[in-house]
Novice: 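First, the structure itself, so that you have it in front of you.
Reminder, nothing fancy here: chain letters follow the sequence lines and each chain counts from 1. Note that these values count all heavy atoms, side chains included, but never hydrogens, waters or copies made by symmetry.
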Number of protein chains: 2
Amino acid sequence: MDSFLSKKADLPCAALAPLVPDANGTAGGEPWFDLIELMFFAYRDFVGDADQLLENFGLGRAHHRVLHFVNRRPGLTIAELLDILKITKQSLNRVLKELLDTDYVVSHPGANDRRQRQLFPTARGKALALDVARLQSKRFSRVFAQLPEGARSDAVDFLLAIVDAGERDKVAAMVASDRTAAHAGTKR
Amino acid sequence: MDSFLSKKADLPCAALAPLVPDANGTAGGEPWFDLIELMFFAYRDFVGDADQLLENFGLGRAHHRVLHFVNRRPGLTIAELLDILKITKQSLNRVLKELLDTDYVVSHPGANDRRQRQLFPTARGKALALDVARLQSKRFSRVFAQLPEGARSDAVDFLLAIVDAGERDKVAAMVASDRTAAHAGTKR
DNA sequence: TGAAATATGTCAATATTGCTGACATAAGGG
DNA sequence: CCCTTATGTCAGCAATATTGACATATTTCA
């Protein structure tokens, strides 16, 4: 990491400016177009899996995100979900209502605080969430089958490092804890 | 890579089933929730940079994508852009028209085939595209400053491997070729 | 206990980005 | 000259997001 940064300090003149962006990102270095574009292409095809499967059920990407996190963290409250998705409660409410109406998710008054709603996947919801997750995992299986040994762990480190510093701990905790298997929160 | 796959072949009984999804993704293994969720969180924060900067200019994410690729590949035709973005020409046309009207992009009849339109960034367009790219590169600078030596190259490999197999060669070629500096296609 | 704060639900209006279908124009090619 | 291709455009619609305002139930605190 030292040599990574020292590349630029050693350079004698501006004409031989570093080929990487400065630490502050604003100066002479060429931006990293390759990574910027690969984020676009990789995400496009990654979410394409889910989109394609979900359209058979009349559900969109927004429904899937809600269902996914409810399935992963059974008992999640509305406020927690809003904090994860970073959308407004009005936006959430529209898709959540549809998931409740179509019996993919159920809500119960909070155990401690009855103002809260705790969300749980139904058996149907769990099945669908798992189907999509498996389809997406299939893509990752293909990915790591063609990459060297430590690639999976490196990928986790890379993606986590991209996340905003203020969110990183929260995200790391969520991603690490495997609540799905633990409390099988299927209700109704 | 051999040992990566052989982990599962060696297992004696179903109770000790592999902790990774099967190659076909449909069987007993737990899906890779961590990677699935990290893709969401990383992309959310990554594009957040661009969104925030662009809203000062009254431009949205769709405008940015068009401007970005026009800046990266000056002389791009409409058909090529549609193939990259995977949207309909009607969707493209709305945002492209706005970029033309507001002088971020210009179009000229194709050099060889005058039915085509070749798109070029204006000086203004180049400046904005570069501003956004530098902001996004700044995030990657922070990322690789906290990761070990080969992380940048590994990340490129990882993201490229996620892309649909049928698209991968095309994407790899685009990402590799650095046309931006080469033909400085600023017009008007 | 009663007032304030909190968690959620809901209504209305609007913006952005995508879609389908239909049709028009201009230019290349046999 | 006809057929195809590349693009432009109009109309309508759908999904997902936003802001602002207001209602309701419940908890907390003075």
Novice: Using atom CZ of Phe57(A) as one end and atom C1' of dA15(D) as the other, report the distance to the nearest whole Å.
Specialist: 19 Å
Novice: Is Gln52(B) atom CD crowded by more than 12 heavy atoms from other residues, nucleotides or ligands, each under 6.0 Å away?
Specialist: no
Novice: With a distance cut-off below 6.0 Å to the six-membered ring centre and an angular limit of 45° from the axis, does Arg152(A) pair with Trp32(B) as a cation-pi contact?
Specialist: yes
Novice: Taking the six-membered ring for Trp, are the ring centroids of Phe69(B) and Phe33(A) within less than 6.0 Å of each other?
Specialist: no
Novice: Could you check which of dG9(C), dT16(D), dG28(C) has an atom nearest any side-chain atom of Asn93(A)?
Specialist: dG9(C)
Novice: If we check side-chain hydrogen bond (donor to acceptor under 3.5 Å, both in side chains) with His63(A), which of these qualifies: Glu98(A), Arg94(A), His68(A)?
Specialist: Glu98(A)
Novice: Kindly determine whether Asp49(A) and Lys138(A) satisfy salt bridge (Lys or Arg N to Asp or Glu O under 4.0 Å), including the steps that lead there.
Specialist: CA-CA 10 Å; Asp49(A) 286 343; Lys138(A) 198 167 140 185; over 6 Å; no
Novice: In whole angstrom, what separates Glu55(B)'s CD from dT18(D)'s P?
Specialist: 12 Å
Novice: Of all heavy-atom pairs between Pro31(A) and Arg134(B), which one has the smallest distance, and what is that distance?
Specialist: CG-CG, 3.9 Å
Novice: So, does the side chain of Arg114(A) form a donor-acceptor pair with the base of dT26(D) at under 3.5 Å?
Specialist: no
Novice: Separation of Arg115(A) atom CZ from dA7(C) atom C1', in whole Å?
Specialist: 6 Å
Novice: For Asp113(A), does the CG atom sit with more than 12 other heavy atoms under 6.0 Å from it, leaving out its own atoms?
Specialist: yes
Novice: Grab the CG-C1' distance between Asn112(B) and dA27(C) for me, whole Å please.
Specialist: 14 Å
Novice: Within a strict 4.5 Å, meaning less than it, do heavy atoms of the Asp164(B) and Glu167(B) side chains meet?
Specialist: yes
Novice: Would you say a side-chain N or O of His63(A) is under 4.0 Å from OP1 or OP2 of dT16(D)?
Specialist: yes
Novice: Roughly, in whole Å, what's the span from NZ in Lys97(B) to P in dG18(C)?
Specialist: 16 Å
Novice: Which of residues 81-91 of chain B sit near DNA chain D, with a heavy atom under 4.0 Å from it?
Specialist: Lys89(B), Gln90(B)
Novice: Output the rounded distance in Å from CG (Leu96(A)) to C1' (dG9(C)).
Specialist: 11 Å
Novice: Which sits closer to the 5' end of DNA chain D, Gln116(B) or Ala62(A), going by the nucleotide each is nearest to?
Specialist: Gln116(B)
Novice: Identify the two heavy atoms, one from Ile87(A) and one from Leu82(A), that lie closest to each other, and give their separation to 0.1 Å.
Specialist: O-CD2, 3.6 Å
Novice: Starting at atom CG of Leu92(B), determine the distance to atom C1' of dC19(C), rounded to an integer number of angstrom.
Specialist: 14 Å
Novice: Both Asp113(A) and Glu98(A) contact DNA chain D. Taking the nearest nucleotide for each, which residue is further toward the 5' end?
Specialist: Glu98(A)
Novice: For the aromatic rings, using the six-membered ring if either is Trp, is the centroid distance between Phe46(A) and Tyr43(B) under 6.0 Å?
Specialist: no
Novice: Do Arg94(B) and dG18(C) have a side chain to base donor-acceptor pair shorter than 3.5 Å?
Specialist: yes
Novice: Test for a donor-acceptor pair under 3.5 Å between the base of dT8(C) and the side chain of Arg117(A), counting only N and O atoms.
Specialist: no
Novice: Considering only heavy atoms, which members of residues 39-53 of chain A lie under 4.0 Å from some atom of DNA chain C?
Specialist: none
Novice: For dT17(C), does OP1 or OP2 lie under 4.0 Å from any side-chain N or O of Arg61(A)?
Specialist: no
Novice: Which whole-number value in Å describes the distance from Ile78(B) CD1 to dT9(D) C1'?
Specialist: 13 Å
